[in-house]
Structures are given as structure tokens and as C-alpha cells.
Amino acid sequence: MQRSSSSAKEDLVVAYAMASEAEIKIGQVDDVQELHRAGLETVPDRYIRDGDDRPGGDNVCALAHIPVIDVGELTRDDELNKLRLACEEWGFFQVVNHGIEDELLDEMEKLAREFFMLPLEEKEKYPMAPGGIQGYGHAFVFSEDQKLDWCNMLALGVEPAFIRQPKLWPTTPAKFKETLEKYSVEIRGLCRRLLAHIAETLGLAPGTFGDMFGEAVQAVRMNFYPPCPRPELVLGLSAHSDGSAVTVLQQDMSCAGLQVIKDGAWVPVHPIPHALVINLGDSLEVLTNGRYRSVEHRAVTNSEQDRLSVVTFYAPAYDVELGPLPEFVTDEAPCRYRRFNHGEYSRHYVTRRLEGKKTLEFAKINQITTAAPEEPCSCK
């Protein structure tokens with residue numbers, strides 16, 4: 001069942017608006033680029049992680065590589081099978097020959113970097129409110145004692161049009177908005193193509209997810225990680241899974257700052273020129289009843305180089321009701337997730353700090369949660 005379009009819009013607006021400023025006190029949140037410019041030899045306590053949450057240690061597998069998929073060859077059974085294995089075994093892969101022009105990728109990266117290089121007072125014209133997820137600042141911060149990520153962000157709602165907050169779209173550098181519009185159209189097309197091929201790997205009709213998702217939600221977040229004097233103590237971005245269906249990440253060639261979890265170890269995602277990194281989100285995990293899973297990932301920093309990424313999140317419309325598709329519920333694979341409205345889940349996701357896959361407990365059967373009442377799984 002789907003809710004009315006007006007209810008869906010209310011969910012979207014709530015999910016993409018800030019929580020009440022009166023209720024959220026986030027304390028002192030320093031701009032990490034300004035900390036870097038100050039030449040600090042250490043970092044403020046709020047950025048220093050505790051014990052096992054630190055990025056060093058023996059659980060980093062630097063020699064492993066996530067799969068690489070040639071999108072132009074996905075009409076061939078062998079490449080489609082590679083995609084299936086990537087989804088089953090990793091939940092992450094890089095794509096090449098994806099059809100998006102190198103020049104557009106380069107231009108988007110150039111303009112994003114130019115934005116982050118602006119003076120702080122210019123960037124603060126587009127402020128992210130406490131508890132908000134659009135604008136410039138730190139997202140997913142909800143308390144004064146929460147550990148912070150060594151990262152500055154610019155986050156923007158893209159589609160549908162009513163999730164946009166135009167006042168938060170930078171007017172500097174020139175052509176930023178124009179380029180982001182063009183870039184987002186191309187990324188949206190890639191998401192649709194990939195979801196069609198992912199459906200094929202599951203034995204579904206290619207249009208299954210496209211038909212189901214309706215007017216899909218699309219948002220972009222640009223992350224800038226300046227050098228850190230003590231990278232072994234901080235995280236650029238806390239470990240988490242994405243609430244999307246698929247996420248598309250463009251990373252610069254500076255260093256391998258993105259890491260994904262595989263068999264209990266963190267695997268760096270080594271940049272490939274003009275490749276895009278794809279990961280599966282929580283929505284696909286629910287729809288496939290866990291056959292394909294969203295995967296925890298994080299970002300680390302280093303003391304010498306900055307790093308930039310441009311991340312697009314592509315998700316079902318907020319009025320779509322999600323739950324495991326009947327094809328994936330059997331006696332051997334019983335229903336693991338309840339049915340829920342995607343707007344409810346998105347609101348749940350964006351009002352909590354990043355903490356592994358904890359947000360997905362919202363949907364799991366037999367999980368005790370205060371986020372929403374338990375509903376029966378009507379998969380069959």
C-alpha cells in the first residue's frame with residue numbers, strides 16, 4: 001500500500017529539514033579546515049576516538065581490492081555474474097565504462113574543491129543547522145558529548161524538487177549549480193541502469209526496482225577531509241551503512257581514504273581514474289530479505305594529504321512501502337524485516353548519529369525498538 005502524495009511530501013520535508021534547534025545542543029563544533037590551517041600538533045578531544053573505534057590496528061587488509069565492474073559489458077552473462085558476486089560477497093564495487101563523461105566528473109570535482117577552498121565566512125552563508133542534513137557543516141551530530149568526524153560537508157537535496165533548499169545551494173564558485181544539475185541527471189541515469197542490472201542478477205525483471213521506487217529521492221553530499229596531525233586517533237567519517245537503495249561515490253585520486261568491512265577486516269577502496277564506487281544501501285537489503293546486504297564503511301584521514309569525495313544517495317520515493325519481496329522469503333530464508341513506509345525509515349535514519357548498521361534495527365523482526373511499532377511481515 002502507498003500513502004497519499006501529500007503525506008509523502010510531509011515525510012520528505014520532515015526528513016530533509018532540521019530537527020528542532022531548541023531540542024538539539026551540539027556544543028562546540030570546530031571547522032576542521034580551520035583547525036588544520038592553525039597548524040595544530042594534536043586534535044581537540046571531541047575528535048579523539050576511544051580504543052577499538054580508532055582506525056589503526058591489525059584489522060586493515062590493505063592488499064585486498066573490491067570488485068571492478070564494466071557497465072558496458074553487463075549485457076554479457078559473465079559480467080552480470082561478476083556483478084551478482086560483487087553484490088552477494090561485498091555490497092561494494094567500482095564501475096568503469098559507466099557512460100558519464102570524464103570531463104563532467106573532473107568539473108564536478110574541481111568545483112566542489114573550489115567551494116571548500118573558499119574562506120570560512122563565505123561557506124557559512126550556507127549553514128547546516130543543528131540536527132540538520134542540508135547545508136555546510138557537520139551532519140549527524142545530536143549531542144554535546146558526541147565524538148566528531150574529521151570532515152567538512154556540503155549536503156544538498158536534489159530530487160524531487162520539493163526537498164531542495166535553494167538558499168543552501170552555493171552561488172560561488174560560478175557554474176556550481178549548473179554543473180551539479182547536469183552531474184545529478186547523469187548519476188540518476190546510472191543508478192537506474194545499475195538497479196536494472198541488479199534486478200537481473202536476482203532473477204527479477206529489469207524494471208522491478210524502477211517501477212517500485214516511483215519518483216526516487218536523490219541527495220548529494222560533498223565531503224572534504226583535510227590533513228590531520230594525528231590520523232591514528234580520528235575518523236574522517238564514522239562507520240555506517242547507507243539508508244539508500246544504491247549510493248554512488250566519486251573520490252579524488254589523492255589516497256585510499258574510504259574503507260569497507262569484509263570478513264571482519266577493513267579494506268581500503270583504492271581510487272581508479274574516473275571510476276565510480278557503488279554500494280548497496282539498507283533499502284535493497286530489506287527488499288531482498290538480506291540476500292544482498294548493505295555494508296558498513298568509513299573514512300580515514302592522513303597527515304599529509306587532503307581528500308575529497310562527492311556522494312550521491314538514490315532511494316525509493318517516501319510514499320513507497322518497503323518489505324521483503326515474496327521471491328526472497330522461503331522456509332529456508334524466513335522473513336527478516338517488517339513492512340514499513342520508506343519516509344518513516346528515512347526520518348529515523350537522518351535523526352540519529354552514524355553507528356554501524358544500528359539504524360536498520362528499525363526494520364528487523366524481533367528487534368525491540370521505540371522508533372515504530374512492530375508490524376507483521378506480509379511478505380507472502
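Numbers here simply count residues along the sequence, with the first being 1.
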To the closest 0.5 Å, what do you measure between [atom1] ([X]) and [atom2] ([Y])?
{"X": "Asp70", "Y": "Leu83", "atom1": "CG", "atom2": "CG", "value": "11.5 Å"}
{"X": "Met222", "Y": "Met153", "atom1": "CE", "atom2": "CE", "value": "13.0 Å"}
{"X": "Asp31", "Y": "Asn152", "atom1": "CG", "atom2": "CG", "value": "4.0 Å"}
{"X": "Lys82", "Y": "Leu74", "atom1": "NZ", "atom2": "CG", "value": "9.0 Å"}
{"X": "Met212", "Y": "Leu322", "atom1": "CE", "atom2": "CG", "value": "7.5 Å"}
{"X": "Leu190", "Y": "Leu195", "atom1": "CG", "atom2": "CG", "value": "9.5 Å"}

*Step by step, would you call Gln94 with Val277 a side-chain contact (heavy atoms from CB on, under 4.5 Å)?*
CA-CA 4 Å; Gln94 299 203 60; Val277 181; 3.8 Å; yes
Tell me whether [X] contacts the main-chain N or O of [Y] through its side chain, where contact means a donor paired with an acceptor under 3.5 Å.
{"X": "Thr201", "Y": "Ile198", "value": "yes"}
{"X": "His98", "Y": "His274", "value": "yes"}
{"X": "Lys182", "Y": "Lys177", "value": "no"}
{"X": "Glu285", "Y": "Ser294", "value": "yes"}
{"X": "Lys123", "Y": "Phe116", "value": "yes"}
{"X": "Arg188", "Y": "Ala216", "value": "yes"}
{"X": "Glu200", "Y": "Leu80", "value": "no"}
{"X": "Trp150", "Y": "Tyr225", "value": "no"}
{"X": "Glu109", "Y": "Asp252", "value": "no"}
{"X": "Asp242", "Y": "Thr247", "value": "no"}

When you compare the side chain of [Y] with that of [X], does any pair of heavy atoms fall below 4.5 Å?
{"X": "Arg54", "Y": "Leu233", "result": "yes"}
{"X": "Gln218", "Y": "Ser184", "result": "yes"}
{"X": "Val300", "Y": "Arg298", "result": "yes"}
{"X": "Val248", "Y": "Val310", "result": "no"}
{"X": "Ser238", "Y": "Arg49", "result": "yes"}
{"X": "Glu114", "Y": "Phe176", "result": "no"}
{"X": "Trp90", "Y": "Asn279", "result": "no"}
{"X": "His240", "Y": "Leu237", "result": "yes"}

*Show your reasoning for whether side-chain contact (heavy atoms from CB on, under 4.5 Å) applies to Val286 and Tyr345.*
CA-CA 11 Å; Val286 169; Tyr345 182 64; over 6 Å; no
Under a single-linkage definition using a 4.5 Å side-chain heavy-atom cutoff for Ile, Leu, Val, Met, Phe, Trp and Tyr, are [X] and [Y] assigned to the same hydrophobic cluster?
{"X": "Phe224", "Y": "Trp169", "result": "yes"}
{"X": "Leu325", "Y": "Phe213", "result": "yes"}
{"X": "Met128", "Y": "Leu154", "result": "no"}
{"X": "Ile66", "Y": "Val96", "result": "no"}
{"X": "Tyr292", "Y": "Tyr337", "result": "yes"}

*Can you list the steps and then say if Thr301 with Arg307 is a side-chain contact (heavy atoms from CB on, under 4.5 Å)?*
CA-CA 8 Å; Thr301 66; Arg307 177 173 171 268; over 6 Å; no
A quick test of your reading: do over 12 heavy atoms of other residues, nucleotides or ligands sit less than 6.0 Å from [atom1] of [X]?
{"X": "Asp77", "atom1": "CG", "answer": "no"}
{"X": "Gln305", "atom1": "CD", "answer": "yes"}
{"X": "Asp52", "atom1": "CG", "answer": "no"}

SB check [X] [Y] (cutoff 4.0 Å):
{"X": "Asp306", "Y": "Arg113", "value": "yes"}
{"X": "Glu73", "Y": "Arg76", "value": "yes"}
{"X": "Glu361", "Y": "Lys364", "value": "no"}
{"X": "Arg37", "Y": "Glu34", "value": "yes"}

According to the interplanar angle, ranging from 0 to 90°, do the rings of [X] and [Y] count as parallel (below 30°), tilted (30 to 60°) or perpendicular (above 60°)?
{"X": "Phe92", "Y": "His297", "result": "perpendicular"}
{"X": "Tyr136", "Y": "Phe115", "result": "perpendicular"}
{"X": "Phe340", "Y": "Phe362", "result": "perpendicular"}

Might you point out which heavy atoms bring [X] and [Y] nearest each other, and give the distance in Å?
{"X": "Gln251", "Y": "Val269", "result": "NE2-O, 3.4 Å"}
{"X": "Asn97", "Y": "Val71", "result": "O-CB, 3.5 Å"}
{"X": "Val329", "Y": "Cys335", "result": "CG1-N, 3.8 Å"}
{"X": "Glu296", "Y": "Ala239", "result": "OE1-CB, 3.8 Å"}
{"X": "Phe93", "Y": "Ile69", "result": "CD1-CG1, 3.8 Å"}
{"X": "Val217", "Y": "Ala317", "result": "CG2-CA, 4.1 Å"}

*Run the numbers on Ile48 and Arg230 for side-chain contact (heavy atoms from CB on, under 4.5 Å), then give the verdict.*
CA-CA 9 Å; Ile48 297 176; Arg230 298 294 304 276; over 6 Å; no
*Take Tyr126 and Thr171, measure what side-chain hydrogen bond (donor to acceptor under 3.5 Å, both in side chains) needs, and give me the verdict at the end.*
CA-CA 10 Å; Tyr126 315 100; Thr171 56; 3.2 Å; yes
*Run the numbers on Gln33 and His36 for side-chain hydrogen bond (donor to acceptor under 3.5 Å, both in side chains), then give the verdict.*
CA-CA 5 Å; Gln33 286 175 263; His36 169 64; over 6 Å; no
*Option from Val311, Ile187, Leu180 for which side-chain contact (heavy atoms from CB on, under 4.5 Å) with Val220 holds*: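 The passing option is Leu180.
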*Taking atom types as modelled, is there a side-chain donor on Arg293 or Ser241 under 3.5 Å from an acceptor on the other?*
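Judged by distance alone, the side chains do not pair up.
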*asked:* For Tyr183, run the side chain to side chain donor-acceptor pair (under 3.5 Å) check against Glu107, Glu178, Gln250 and tell me which one passes.
replied: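 Among the candidates, only Gln250 passes.
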